[in-house]
Amino acid sequence: MSDFTSNFWSVYVAGITIVGILGCLLLLWMGGKGQASSSGDATTGHVWDVDLKEMNNPLPRWWVWLFIITCVFGLVYLVLFPGAGSFKGALGWSETRQFDEEMAAGDAQVAPIYAAFANKSIVDLSKDPQAMAIGDRLFMNNCSQCHASDARGAIGFPDLTDKHWNWGGTPDEILETITNGRIAVMAPVAAQLGSPEDVRAVANYALSLSKDKGTHFDAALASKGQAKFAEVCAVCHGADGKGNKLLGSNNLTDGVFTFGLGTEAHVIDMVTNGKMGQMPAWGEKAVKEQGNKSFYLSAAKIKVLAAYVWGKGGGLPPEPVAAAAPQAAAEGEAK
């Protein structure tokens, strides 16, 4: 694409802006130099409504100077701030820079509050009333738009209060999800499955995996779809249909369908058209690396938010810490 880009529009914007201001000054100068014809009584000779005459008086001096000051202000502004195409201005101001400075000032202001949480684990924070009150505000301001104010989500947005976690629901995994975001892709695989009847069969087999959760399916079609499922779908969802959190693929045995109601028509649509879901990144580093200028959260805020989400009832227990090998412990004692 670089072969088709140029600085034309930058020059165009800068030129039309500067020419516009200079044109206003030129218009003022020409207006002051020209003289309207006068009938000898300080009027131009134009009369309306019988006795309404147009006077031939010069512009008030205060108005002329105000006009000049406005034009000069515009030129000075273009020198100091961005406005003339790609020129960034002598002061180097930008909305991103101002945003970062304001965020840093805000973080510094609340730093003492979050300092009290620094040495606490996410599990401990989930039991801290003050941390949970802060987490509730963070969730309402940043997460409730998708996951709803009660964190139960909606179609297309996961319920954070159940035990269903495509990417893992331990404290560290939730922290990772909020910090760096997630992108999940359900590829359209109808072509690989074969005929529309094969797609129906696989859809019914997928529904049969969560039959104990009340899903409805055609048993005869489900039996026919098992082999195709193992051939095409098990790559992501596993032979047992329990998904793979490394890929973010759904566990098909728990009856939870994020993008629909778990009907045959819904599953066929997913298999045929695929689906893409994205959880945006909220960590400062991840947001800036992606070139996204949207709002980001400090690491301290994300930790409290992760504790709030984990404490909503759906969080899974932390991964157990592996015990050090006896030999390594002995070597440590020797040192």
Side-chain angles (χ1 to χ4, degrees), residues 146-148 152-170 172-281 286 290 309 314-317 319:
C146 294
H147 296 284
R152 294 187 180 277
I155 292 179
F157 303 99
D159 182 348
L160 303 179
T161 66
D162 60 17
K163 300 294 183 181
H164 179 76
W165 298 89
N166 288 354
W167 300 94
T170 66
D172 288 340
E173 288 167 336
I174 294 175
L175 184 70
E176 171 72 14
T177 295
I178 298 174
T179 302
N180 297 318
R182 304 288 190 184
I183 297 179
V185 178
M186 164 65 189
V189 293
Q192 290 93 313
L193 292 175
S195 67
E197 191 64 19
D198 290 327
V199 172
R200 277 196 67 203
V202 169
N204 277 273
Y205 177 75
L207 291 170
S208 74
L209 295 175
S210 56
K211 57 186 177 183
D212 59 330
K213 305 296 182 181
T215 54
H216 300 285
F217 63 95
D218 185 310
L221 282 175
S223 178
K224 294 178 181 178
Q226 183 174 3
K228 285 286 185 179
F229 181 92
E231 179 183 338
V232 177
C233 308
V235 175
C236 293
H237 293 283
D240 55 3
K242 292 187 176 181
N244 183 345
K245 68 180 181 180
L246 296 178
L247 301 175
S249 55
N250 284 35
N251 181 349
L252 302 176
T253 68
D254 58 12
V256 175
F257 297 87
T258 302
F259 290 96
L261 301 177
T263 63
E264 179 184 303
H266 159 64
V267 179
I268 289 176
D269 178 67
M270 291 285 288
V271 171
T272 303
N273 301 313
K275 185 69 69 174
M276 178 176 178
Q278 180 173 7
M279 160 69 187
Q290 294 169 9
V309 172
L316 303 179
E319 294 287 349

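Computed from a prediction, not measured in an experiment: that's the story for all the values here.
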For the side chain of [X] and the backbone of [Y], is there at least one donor-acceptor N/O pair under 3.5 Å apart?
X	Y	result
Lys228	Leu193	yes
His147	Phe157	no
Asp198	Ser195	yes
His237	Asn250	yes

When you compare the side chain of [Y] with that of [X], does any pair of heavy atoms fall below 4.5 Å?
X	Y	result
Glu176	Arg182	yes
Lys163	Leu316	yes
Asp269	Phe259	no
Phe217	Val267	no
Ile155	Leu261	yes

Restricting to non-hydrogen atoms, name the atom on [X] and the atom on [Y] that form the minimum distance, rounded to 0.1 Å.
X	Y	result
Asn166	Ser249	OD1-O, 4.4 Å
Ala286	Thr179	CB-O, 3.7 Å
Ile174	Trp165	CD1-CH2, 3.7 Å
Asp162	His164	OD1-N, 3.1 Å
Pro188	Thr272	CB-O, 3.2 Å
Met279	Ile178	CE-CA, 4.0 Å

For residues 229-257, which residue pairs pass the salt bridge (charged side-chain N to carboxylate O under 4.0 Å, His left out) check, not counting sequence neighbours? Glu173-Lys245, Lys245-Glu319

Nearest 0.5 Å, what's the [atom1]-[atom2] distance between [X] and [Y]?
X	Y	atom1	atom2	value
Trp167	Asn180	CH2	CG	11.5 Å
Asn273	Ile268	CG	CD1	11.0 Å
Gln192	Cys233	CD	SG	9.5 Å

Tabulate below the donor-acceptor pairs under 3.5 Å that side-chain atoms of residues 207-214 make, not counting sequence neighbours, or state none.
residue, atom, partner, partner atom, Å
Ser208, OG, Tyr205, O, 2.5
Ser210, OG, Leu207, O, 3.3
Ser210, OG, Thr215, OG1, 3.3

